[in-house]
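Written below as structure tokens is the structure these notes are about.
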Number of protein chains: 2
Amino acid sequence: MPAPVTLKSLAAATGFSVTTVSRALAGYSDVSPSTRRLILEEAERRGYEPNLLGRLLQGQRSQTIAIVMPTSGPQFPDPFFAQFVAGVGVEAAQAGFDLLLSPQDSSSELEAYRRLMTARRADGLLLIRTRADDFRIRYLTETGVPFVSFGRTDSVAHTAWIDVDGVAGQKALTSHLLELGHRRIAYITPPGGLMFTRFRLQGFREALAESGVAADPALIIEAGLSEQAGKDTAMLLLERPEPPTAIVAGNDLTAIGVMHAVRARGLRVGDDVAVGGYDGIPASEHLNPPLTTVYQPVFEIGQLAARSLLAIITAQPARDLPVLVRPQLLARASTLGTHSQRGGGALD
Amino acid sequence: MPAPVTLKSLAAATGFSVTTVSRALAGYSDVSPSTRRLILEEAERRGYEPNLLGRLLQGQRSQTIAIVMPTSGPQFPDPFFAQFVAGVGVEAAQAGFDLLLSPQDSSSELEAYRRLMTARRADGLLLIRTRADDFRIRYLTETGVPFVSFGRTDSVAHTAWIDVDGVAGQKALTSHLLELGHRRIAYITPPGGLMFTRFRLQGFREALAESGVAADPALIIEAGLSEQAGKDTAMLLLERPEPPTAIVAGNDLTAIGVMHAVRARGLRVGDDVAVGGYDGIPASEHLNPPLTTVYQPVFEIGQLAARSLLAIITAQPARDLPVLVRPQLLARASTLGTHSQRGGGALD
DNA sequence: CAGGTCATCCAAAACGTTTCGGATTTATGA
DNA sequence: TCATAAATCCGAAACGTTTTGGATGACCTG
């Protein structure tokens with residue numbers, strides 16, 4: 001292990017003080033050209049790299065942003081999260097920031113935030129899955145920690161968010177089904193506290209209202225966002241005397257569960273029962289049949305969230321938050337029917 | 001922003017010196033029990049967290065492990081990586097370690113390692129996608145950095161690895177196809193330098209040899225691990241005068257591309273052309289038709305890798321590395337034919 | 001020649017932590 | 001009683017950097 005090259009060793013080698021070496025390298029004007037050249041040469045020759053820690057300790061920055069993932073057990077593999085993280089990571093790397101992942105079950109989540117910030121481990125935070133009354137947002141706002149959330153909230157005035165327009169998204173999907181002639185449309189709504197749940201439900205209702213279709217409360221069921229939850233709920237729906245002709249799931253994972261249930265009842269997805277998802281994960285295109293869903297550009301959202309957070313951290317002029325992104329309806333065979341799937345050409 | 005709680009502020013509050021506060025919190029024996037209690041209480045009350053930077057600068061551990069992801073652009077969303085990261089994250093969190101993600105294109109990868117370690121950002125590293133001659137492993141071994149790799153290497157003596165038995169996996173899949181009567185089996189092999197490429201190819205060849213089938217070099221084509229690469233390569237294969245009856249892809253993503261190509265040629269996957277993948281990503285089960293693949297327990301591998309790395313970092317008694325995990329063949333409709341898919345019950 | 005302006009340099013403090021070596025007090029043993 | 005050991009505490013240095021507030025001469029101006 002070679003002795004590290006520090007400002008001190010450079011100072012000793014060149015005969016100048018640590019201060020002068022530091023300022024020469026930083027490009028200050030109170031160093032004579034000849035001195036600067038000498039120091040730069042020496043630094044170059046010995047391969048000097050500033051020690052990040054010294055620099056950070058001095059400036060009280062860690063050059064790191066963190067994402068706390070609310071997860072219990074091996075649950076994170078939701079492709080939705082993965083893409084968001086990827087977007088954030090790429091953007092952060094570009095700015096020379098590192099990305100800290102902190103998987104925490106929700107009970108210890110607040111503790112995780114506190115620890116990250118008081119240990120000055122991260123300069124800012126990214127939040128996902130916001131809630132109407134979100135204790136995390138309240139806490140972070142109170143303590144003045146820089147953060148950006150993917151999702152809105154009601155709990156406090158908070159504008160550093162970026163979100164996808166759930167009302168428009170769900171409305172587009174539901175209208176699509178209504179246009180196809182469906183009247184008994186079931187909606188498996190995501191867990192109550194989550195903010196996007198409310199918007200999507202609103203979109204669902206608005207679409208029905210605009211078509212003059214009465215919303216049947218019995219067709220709106222709350223369930224988790226897992227495949228299993230989708231399957232179980234769909235089973236219950238299909239066992240009814242008057243089963244729905246279309247089932248809209250809370251996300252794509254849930255929709256996969258619904259598709260299983262439909263098939264298990266001996267029905268054909270897309271022909272006998274239409275199924276809709278939400279998120280537009282990559283796999284949705286390759287499902288059997290391809291899933292009609294609402295695409296959210298999560299990777300790009302991750303990038304934008306990271307960029308905005310970095311701007312806030314470095315206290316740059318106000319950025320363009322909040323942002324409401326418009327999602328995109330992807331109509332595929334799970335609602336259009338499998339005849340269209342045979343077209344083949346649609347895949348290219 | 002409240003004034004940060006530091007050793008100094010705790011010292012002022014309790015009336016002891018910074019040294020004593022530090023040693024009390026660290027559990028040294030030269031602090032009287034009553035003093036320690038007092039200091040601990042005060043630290044607790046004010047929510048003291050040691051500043052990571054100060055501690056690191058001093059030359060201590062960072063309680064962090066890092067994964068450098070070799071990625072160009074928005075490529076990381078490979079579910080395979082995501083699951084690995086999830087496994088690592090969960091295990092690290094349990095030990096009180098944080099996980100640093102550092103996405104880098106391969107050109108700057110070595111630089112990333114150097115930066116992470118000289119700045120002592122991380123106590124250890126996790127490597128993925130090893131190569132036969134892996135400059136990263138050579139560098140890390142030379143500098144004595146604690147690390148564990150997912151995959152073997154030839155470049156240096158290195159035993160801190162965990163890998164999946166690619167020979168056995170590919171052999172099982174190929175034998176499966178041979179048993180179904182296939183003789184013209186194409187193999188889209190992953191990029192050359194990668195270590196697992198060699199093992200899988202060996203498994204492919206061994207299976208053929210054991211069945212007395214001559215390996216046709218024209219049926220072995222090297223391609224990238226993307227969906228597009230799979231599609232392009234399969235197109236070429238299917239255009240030949242004597243097309244293969246089965247195509248084995250380098251991973252599941254590539255297999256999806258192959259399936260597209262097969263369909264684009266007007267052929268039925270599983271009936272006209274058998275398709276095999278590798279990895280066993282969650283989506284593989286829900287493809288159209290479900291994909292025959294070789295399952296690798298990536299999440300668990302991530303956990304084990306993290307556990308082992310933590311053991312190495314804390315210089316605990318030698319752990320049980322290296323480990324060679326046995327993968328599992330998942331035979332599904334993409335090779336068995338779609339008639340079996342109609343069974344329906346198989347889904348439950 | 002006195003006063004002022006520049007150009008160039010540097011000592012010291014600061015960030016928060018750990019640790020080395022000693023200092024002070026109290027208890028122990030002969 | 002005196003020396004010795006043990007218990008408890010702390011000052012100061014160190015890690016590598018940046019920044020503040022001068023200091024030192026050289027040069028100009030009047």
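Keep in mind the model is a prediction, meaning the values are calculated, not measured. The chains referred to below are lettered A, B, ... by the order of the sequence lines, with proteins before strands, and numbering in each begins at 1.
Spacing between atom CD of A:Gln58 and atom P of C:dA14 amounts to 11 Å, rounded to whole angstrom units. Straight-line distance from the CZ atom of B:Arg61 to the P atom of C:dG16: 24 Å, rounded to whole Å. When the P atom of C:dT18 is taken as reference, atom OH of B:Tyr48 falls 6 Å away, rounded to whole Å. One interatomic measurement links the two molecules: NZ of A:Lys8 to C1' of D:dA14, which rounds to 8 Å at whole-angstrom precision. Between the CG atom of B:Asn51 and the P atom of C:dT18 there is a distance of 10 Å, rounded to whole Å. Taking atom CZ of residue A:Arg23 and atom P of nucleotide D:dG16, one finds them 21 Å apart after rounding to whole Å. A straight line from CZ of A:Phe16 to C1' of D:dT17 spans 20 Å, rounded to a whole angstrom. Straight-line distance from the CG atom of A:Leu38 to the C1' atom of C:dC9: 14 Å, rounded to whole Å.
Using a 4.0 Å heavy-atom distance criterion, B:Leu53 is classed as making no nucleic acid contact. Residue B:Thr6 is classed as a sugar-phosphate contact, given heavy-atom separations below 4.0 Å to backbone atoms only. Among the heavy atoms of the strands lying under 4.0 Å from B:Ser32 are primed sugar atoms or P, OP1, OP2 only; no base atom is included. Looking at heavy-atom distances under 4.0 Å, B:Asp30 makes contact with a base. Counting any heavy atom pair closer than 4.0 Å across all strands shown, A:Leu57 reaches a base atom.
Checking A:Ser29 against A:Gly59, the closest nucleotide of DNA chain C that is more toward the 5' end is the one next to A:Ser29. With DNA chain D read from its 5' end, the first of the two nearest nucleotides for A:Arg55 and B:Thr20 is the one closest to B:Thr20.
Aromatic pair A:Phe299/A:Phe84: ring centres not closer than 6.0 Å.
Within the 4.5 Å cutoff, no side-chain heavy atoms of B:Val88 are placed close to those of B:Gln303. B:Leu125 places none of its side-chain heavy atoms less than 4.5 Å from the side chain of B:Ile65.
Interface remark: the A:Thr19 side chain does form a donor-acceptor pair with the C:dA12 base, using a distance-only criterion of under 3.5 Å.
Residue A:Ser22 has its side chain nearest to D:dT19 when only D:dT19, D:dC9, D:dG11 are considered. In this structure, the nucleotide among D:dG16, D:dT8, C:dT8 sitting nearest to the side chain of A:Pro4 is D:dG16.
Salt bridge status for A:Arg115 with A:Glu111: absent, with no side-chain N to carboxylate O gap under 4.0 Å.
Under 4.0 angstrom from either OP1 or OP2 of D:dT19 there lies at least one side-chain N or O belonging to A:Tyr28.
Checked against B:Arg136 for a side chain to side chain contact (heavy atoms under 4.5 Å, CB included), the options B:Thr141, B:Leu127, B:Thr153 give a single hit: B:Leu127.
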